Peer 1: 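One structure coming up, written as structure tokens, with questions to follow.
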There are 2 protein chains.
Amino acid sequence: MEKDSARVDPVSILEIARRAHVSPATVSRVFNRPEKVSAATREQVRAICNELGYRPNASARTLRTQRSQVLGVILPTLSNPVFAECLQGIAQATAALGFSIMPATTDYRVESEQEAVATLQSFGVDGTILVVSDAETSVALQTLAQRRSPYVLVYNRHPFHPCVSVAGDTALCDLVHELVQLGHRRIAMVCGKLDASDRAQQRHSGFMQGMHDAGLLPEPTIQVPFIETAIEEVARVLRTPYRPTALVCSNDLIAIRALRAAHECGLRVPSDLSITGFDGISLGRDLTPALTTIVQPNHDMGRKGVELLVRALRDGRQPTASESITLACHFHRGESCAQAPSAHCADT
Amino acid sequence: MEKDSARVDPVSILEIARRAHVSPATVSRVFNRPEKVSAATREQVRAICNELGYRPNASARTLRTQRSQVLGVILPTLSNPVFAECLQGIAQATAALGFSIMPATTDYRVESEQEAVATLQSFGVDGTILVVSDAETSVALQTLAQRRSPYVLVYNRHPFHPCVSVAGDTALCDLVHELVQLGHRRIAMVCGKLDASDRAQQRHSGFMQGMHDAGLLPEPTIQVPFIETAIEEVARVLRTPYRPTALVCSNDLIAIRALRAAHECGLRVPSDLSITGFDGISLGRDLTPALTTIVQPNHDMGRKGVELLVRALRDGRQPTASESITLACHFHRGESCAQAPSAHCADT
DNA sequence: CTGAAAGCGCTAACAC
DNA sequence: GTGTTAGCGCTTTCAG
């Protein structure tokens, strides 16, 4: 008899109250302040709730309490496993703490960052975890800050904002040192769009620093604005006579393409050419050759971000820049790096 | 003078109404039925909204209208790029249609599926896009169905549910045929936990069918319950004297580990051993050797799921099994497969 | 074309 | 320990 398309409307707190012969307030207390309800009524109410599969309506609760138990998440893209892994960490940590998440992806477009912030705010998220293109100039970040809406940056590093990040510049500087130790002199960096990510910039400046420290002149940076064409861009350079003996890629995805480019140019990695990545996506470990890279704890970055944010939330305050966390990243000596080919390091 | 920690409370519709010298109802109409408001007032109200950065409070709207403009998403994990890519597709499609998403990951645990459904329902999601372990037995799915809450399955295939999927069994059957054409006779399938995923089961049965059609006896299936130990499990088999000449892996992640296992056993892919995957994660294309695999349109699976769901929502109904979509998946002839080694196909 | 008023489901004072 | 009540911000009849 029932109309097939009719949504079964969820029972409300009144229905529970009626069945349990108590007031709605008591039912509410069972959920929010169970200790203020006598054990008997509490259990009875719980029984009825379970029986009917009742859960308090989150919108009503949010409207009333001004707290949503939802965290907004803004990421560039989930097509890069770095952010997917991070979101996985965020999802697990939030679930464990009783929060839900509402993510948005920006595809590295700053307008999307702002749009995402606005949308998330309209949902009354209790806080936001985000990766912005550039923490220094991000309007989205400014909006959040001036609204005093709690947030924590992930991956971005900035002295005035609460961040969970790694010291990418230092790591790259050290990595260059490793390459130099291996006899490499002609080292080129391969970067995505530098202006789309302050991380790429930091890594690049760490690279320059490392080269400078080693007294080396860096080869021209290879820019690969689009991942689709990365292989040809890199291959072009690899086909030049005085090609680099090592390629320092600003992330793992680019490194994997560089690996491919080397293969297409008939170069063997690592004997003819060394290649390094950055990010530590979990797949990198299982590649052949296993990627030499700077491993970031992507999953943990998300988790720490959540924990930092939720801790502040529980204290009724916003996270501060002074709470920023720098996570350790480590050099993973994979198989994509080796001694520089002898022909190229005759000068040592 | 202002207390630093005080949240800047977002302006409400009343504030806008007051400033515009109109009633709240009119402001509401500007957002919901702009055509019913005179152009003059409309523009004036809009101007004030922009100036103050006003956006209607989503919780209040949801509470009032019983529609949230939010879709729930339930996925096993984002650590597998398949689902990350799919979620990326979902995120883009929903944003384009004016919806937000609230995702939850289950780590393949069925209890988490139920918990996720319950949580999402409490938020009043308008619909749910989900991947379950087993569509046939999923309690989460039953809950959704009996509550008449609109949902669309993605990846899962089931005659009684609306699904966006590919014919994994057929694809694998064809793939076996390709391998047989290449002279392979000793072919083994490598699977994850079969009981955790109906897709893996379908692929496995497609494999068996393909072997049967070719008049071949399948080698014992290699089970790799945990991805961490996959490499050793596969390596163990590869070290046996009458090892398979081809490994059909139930997904790309396993295939990449199998590639690694082959390398560790001193086998060359594809000359000594052929390996195939399934999923078409975007990285597979750039591996060396490029992965031979069945490519699913992961991004599009998500997008189609959203479109199917939203279309139904707009018609005020739930998606039906008859609307299920089977997307084309295609065999990608990478570089990880070749003619069977001659020693092993002397019988041809 | 615009306004007044009720109420979505819940929680938190405040009474008792 | 429990109930009564007001109201969170919005939309939507219903009047005018």
Side-chain angles (χ1 to χ4, degrees), chain A residues 7-46 48-49 52-70 118-119 121-126 316, chain B residues 7-46 48-49 52-70 118-126:
Chain A
R7 281 287 285 273
V8 176
D9 32 29
V11 295
S12 86
I13 202 170
L14 281 85
E15 174 73 11
I16 305 293
R18 185 147 29 82
R19 298 208 188 201
H21 307 294
V22 296
S23 74
T26 297
V27 179
S28 175
R29 284 190 200 100
V30 168
F31 283 95
N32 302 302
R33 276 169 165 53
E35 72 281 2
K36 312 210 84 177
V37 178
S38 78
T41 27
R42 195 197 310 141
E43 290 317 316
Q44 194 214 353
V45 168
R46 285 213 175 117
I48 295 177
C49 289
L52 273 53
Y54 169 78
R55 292 260 196 144
N57 176 312
S59 297
R61 180 191 288 220
T62 298
L63 187 57
R64 180 60 235 240
T65 63
Q66 307 290 6
R67 295 187 306 99
S68 60
Q69 296 287 99
V70 176
T119 301
Q121 292 297 313
S122 81
F123 277 98
V125 295
D126 291 341
Chain B
R7 281 287 287 270
V8 176
D9 32 29
V11 295
S12 87
I13 201 170
L14 281 85
E15 174 74 10
I16 305 293
R18 187 145 28 82
R19 298 209 187 201
H21 306 293
V22 296
S23 74
T26 297
V27 178
S28 175
R29 283 190 201 99
V30 168
F31 282 94
N32 302 301
R33 277 170 162 55
E35 73 282 1
K36 313 210 83 177
V37 179
S38 77
T41 27
R42 195 197 311 142
E43 290 317 318
Q44 194 214 354
V45 168
R46 286 212 174 117
I48 295 176
C49 289
L52 300 184
Y54 169 77
R55 291 262 197 144
N57 176 312
S59 297
R61 180 191 288 222
T62 298
L63 187 56
R64 179 61 234 243
T65 62
Q66 305 292 359
R67 296 186 306 100
S68 61
Q69 297 287 96
V70 175
T119 300
L120 293 175
Q121 291 297 312
S122 81
F123 277 98
V125 296
D126 291 340

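Chain A is the first sequence line, chain B the second, and so forth, proteins listed ahead of strands; every chain is numbered from 1. Keep in mind that what you see is a predicted model, and the values were worked out from it rather than measured.
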Peer 1: For the side chain of B/Asp126 and the backbone of B/Arg67, is there at least one donor-acceptor N/O pair under 3.5 Å apart?
Peer 2: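 Absent.
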
Peer 1: Is the backbone of A/Ser122 close enough, under 3.5 Å, to the side chain of B/Arg55 for a donor and an acceptor to pair up by distance?
Peer 2: no

Peer 1: For residues 27-36 of chain B, dump all side-chain donor-acceptor pairs below 3.5 Å to protein atoms at least two apart in sequence or in another chain.
Peer 2:
from, atom 1, to, atom 2, distance (Å)
B/Ser28, OG, B/Asn32, ND2, 3.2
B/Asn32, ND2, B/Ser28, O, 3.0

Peer 1: For B/Phe123 and A/Asn57: C-alpha separation, side-chain torsions, deciding distance, then whether side-chain contact (heavy atoms from CB on, under 4.5 Å) applies.
Peer 2: CA-CA 6 Å; B/Phe123 277 98; A/Asn57 176 312; over 6 Å; no

Peer 1: Please determine, by modelled atom types, if A/Ser59 and A/Thr62 share a side-chain donor-acceptor pair under 3.5 angstrom.
Peer 2: no

Peer 1: Between A/Leu63 and B/His21, which is nearer to the 5' end of DNA chain C once each is assigned its nearest nucleotide?
Peer 2: B/His21

Peer 1: With heavy atoms under 4.0 Å as the rule, sort A/Thr41 into base, sugar-phosphate or nothing.
Peer 2: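 It contacts sugar-phosphate atoms only.
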
Peer 1: Taking all non-hydrogen atoms of both residues into account, name the closest pair between B/Val11 and B/Tyr54 and its distance.
Peer 2: O-CD1, 3.2 Å

Peer 1: Going 5' to 3' along nucleotides 11-16 of chain D, which nucleotides have protein heavy atoms under 4.0 Å from the base (write B), which only from the sugar-phosphate (write S), and which from neither (write -)?
Peer 2: BBB---

Peer 1: Would the distance check show the side chain of B/Thr26 and the main-chain N or O of B/Val22 forming a donor-acceptor pair, the cut-off being under 3.5 Å?
Peer 2: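 No, B/Thr26 side chain to B/Val22 backbone: no donor-acceptor pair under 3.5 Å.
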
Peer 1: For residues A/Leu63 and B/Ala60, report the shortest heavy-atom separation together with the two atoms involved.
Peer 2: CD1-CB, 3.7 Å

Peer 1: Please identify the 5'-most and 3'-most nucleotides of DNA chain C with any atom under 4.0 angstrom from a heavy atom of chain B.
Peer 2: C/dC1 to C/dG9

